[in-house]
There are 2 protein chains.
Amino acid sequence: MGRRYDPERRQRIIDAAAAVVRERGIGGLGHRAVAAAADVPLGSTTYHFATLDDLMIAALRQINAEWLAEVEHWVEGVDPAAPPADELARWLGEQLTGDRVRMELEYELYFAALRHEGLRPLAAECLDEMARMLARLMPDAATARAVVALIDGLTLQVLLADRPYDREGTSAALARIMGVDGDNGPPAG
Amino acid sequence: MGRRYDPERRQRIIDAAAAVVRERGIGGLGHRAVAAAADVPLGSTTYHFATLDDLMIAALRQINAEWLAEVEHWVEGVDPAAPPADELARWLGEQLTGDRVRMELEYELYFAALRHEGLRPLAAECLDEMARMLARLMPDAATARAVVALIDGLTLQVLLADRPYDREGTSAALARIMGVDGDNGPPAG
DNA sequence: ATCCCATGCGTACAATCGTACACAACGATG
DNA sequence: CATCGTTGTGTACGATTGTACGCATGGGAT
């Protein structure tokens, strides 16, 4: 009863916008594309999100939340006894070989935030949250930030070069940067 | 013999295209904007670069070359006696506080390459070259790639969040990942 | 029952874009 | 000198875009 207006509609548009970004990138985001994906008329998207920036921010906020939820889910389920570097490297490999698009999305956000002032806080929040969650698995916050940086950089390399993901090398690098010598033999050539 | 006329023309257009990307981002790259920046008529840009992709690739190739030249210049001039982690952290700080736009450009290339197939080799070459050059300062190639990843990730954090650059923390993280214990006290909080 | 207004919808408009094309200028070749 | 092909230029066209606006509708409030 109560809702004088229909919040479902708005959420469906956001979902559709996220889907559009997923498939065509931020450059492909537009009122019409979103309207088609959400199966609503054009006027509906312009009504709920008057400007394109509003739509983009809403879409990226959604994508961001989904990603952070996934990371949090993994962090809470990880075996605290196993060496964190190994677990992290294995999880990263699963993400990279499994849902590659999902990872690209995160960088889509970063990219947009470089130019779009309004997106900067969102990207910053994502990086901070990642570090905060990963801090569970390691000595201190500064290390967690470095780990996030290393993960981001390595992911970028896998996504951009066609080099396959090197799980052992990643694990060794993570172990070194975490200051734990769990299993850092000679880095794999 | 040859060209009395204009190899200059083409290069000037490329320079202008790079300038446009510098100022407005890849999204702002267009025949007209480049023509205006190069002070040539519209037809001139479409003549030398029929499609927009050609123009974009040329611009990013130029940007890429400039960046790699700068890195190479630094690597060749670095003091081989000093601890590499410190030198690297200091240089990175100079880049970040000095010419921030220059660094953003590199990520503009990376992110564009995520969506644009034709740019992938360029981005991959950049990452490989970076690792190859930095390999001078460290034990092996795998470590160099990890260092490149860490640098990329840390740079991203500085560019996206408004956290100031932490030179000592970076130096410590670099030292740890390079396996050298030059000056890695407790990581700065 | 009647009125009001938030919400939804369809269309239209101005601007911008990439690209194509017709023509001008000029150097090289016979 | 005549001719031709390369280079340079201006304009135009079709497509697509963000956004605005007029109108329909349906449920609360009176």
Side-chain angles (χ1 to χ4, degrees), chain A residues 1-62 108 111-112 115-119, chain B residues 1-62 108 112-113 115-119:
Chain A
M1 34 192 124
R3 338 265 202 131
R4 315 229 307 198
Y5 63 100
D6 182 13
E8 282 185 24
R9 184 69 134 212
R10 188 186 168 92
Q11 186 55 46
R12 198 145 51 98
I13 291 176
I14 294 179
D15 291 339
V20 168
V21 174
R22 226 183 306 270
E23 289 160 19
R24 308 192 214 177
I26 285 190
L29 185 69
H31 282 123
R32 284 171 179 82
V34 172
D39 199 38
V40 299
L42 171 62
S44 194
T45 66
T46 70
Y47 173 73
H48 286 284
F49 303 93
T51 128
L52 191 61
D53 275 13
D54 297 338
L55 191 50
M56 183 178 62
I57 291 180
L60 291 181
R61 188 184 304 276
Q62 165 106 341
E108 202 91 40
F111 163 73
R115 292 286 168 184
H116 246 91
E117 196 74 28
L119 252 35
Chain B
M1 352 204 97
R3 357 287 210 131
R4 291 253 295 145
Y5 250 22
D6 53 358
E8 281 183 27
R9 188 68 137 209
R10 188 186 168 92
Q11 185 56 44
R12 196 144 52 97
I13 291 177
I14 294 180
D15 290 339
V20 168
V21 174
R22 227 183 305 270
E23 289 161 21
R24 309 193 213 178
I26 285 189
L29 185 69
H31 282 123
R32 284 172 179 82
V34 172
D39 199 40
V40 298
L42 170 63
S44 195
T45 66
T46 69
Y47 173 74
H48 287 283
F49 302 92
T51 128
L52 190 62
D53 275 14
D54 296 338
L55 190 52
M56 183 177 63
I57 290 180
L60 291 181
R61 187 183 304 277
Q62 164 109 340
E108 201 93 38
R115 291 286 169 185
H116 243 93
E117 197 73 28
L119 251 36

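Because the structure is predicted, anything quoted here is derived from the model rather than measured.
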Can you check the [X] [atom1] to [N] [atom2] distance for me, whole Å?
X       : N      : atom1 : atom2 : answer
B/Asp39 : D/dG10 : CG    : P     : 11 Å
B/Leu42 : D/dA12 : CG    : P     : 13 Å
B/Gln11 : D/dT7  : CD    : P     : 16 Å
B/Met56 : C/dC17 : CE    : P     : 16 Å
A/Phe49 : D/dA20 : CZ    : P     : 16 Å
A/Asp53 : D/dT17 : CG    : C1'   : 14 Å
A/Arg12 : C/dG8  : CZ    : P     : 10 Å
B/Leu52 : C/dT16 : CG    : P     : 17 Å

Pairing of A/Arg115 and B/Glu108 as salt bridge, 4.0 angstrom limit: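 Judged by the 4.0 Å cut-off on N to carboxylate O distance, A/Arg115 and B/Glu108 do form a salt bridge.
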Among [options], the nucleotide that comes nearest once only the side chain of [X] is considered:
X       : options                : result
B/Arg9  : D/dT9, D/dG18, C/dT19  : D/dT9
A/His48 : D/dT9, C/dG8, D/dT19   : C/dG8
A/Pro41 : D/dT17, C/dG10, C/dT19 : C/dG10

Sugar-phosphate only, base, or nothing, as touched by A/Leu29 at under 4.0 Å among non-hydrogen atoms: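 Sugar-phosphate contact only.
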Touch class at under 4.0 angstrom, heavy-atom based, for B/Leu55 against every strand present: nothing
When you check the phosphate oxygens OP1 and OP2 of [N], does a side-chain N or O of [X] lie under 4.0 Å from one of them?
X       : N      : result
A/Thr46 : D/dT19 : no
A/His31 : D/dT16 : no
A/Tyr47 : C/dG8  : no

A/Asp54-A/His48 side chain donor-acceptor pair, cut-off 3.5 Å: no
B/Met56/B/Phe49 under side-chain contact (heavy atoms from CB on, under 4.5 Å): CA gap, chis, key distance, verdict: CA-CA 9 Å; B/Met56 183 177 63; B/Phe49 302 92; over 6 Å; no
Atom pair CD/CG of B/Gln62 and B/Asp15 - distance to nearest 0.5 Å: 5.0 Å
A/Arg61, CZ atom: more than 12 neighbouring heavy atoms under 6.0 Å: no
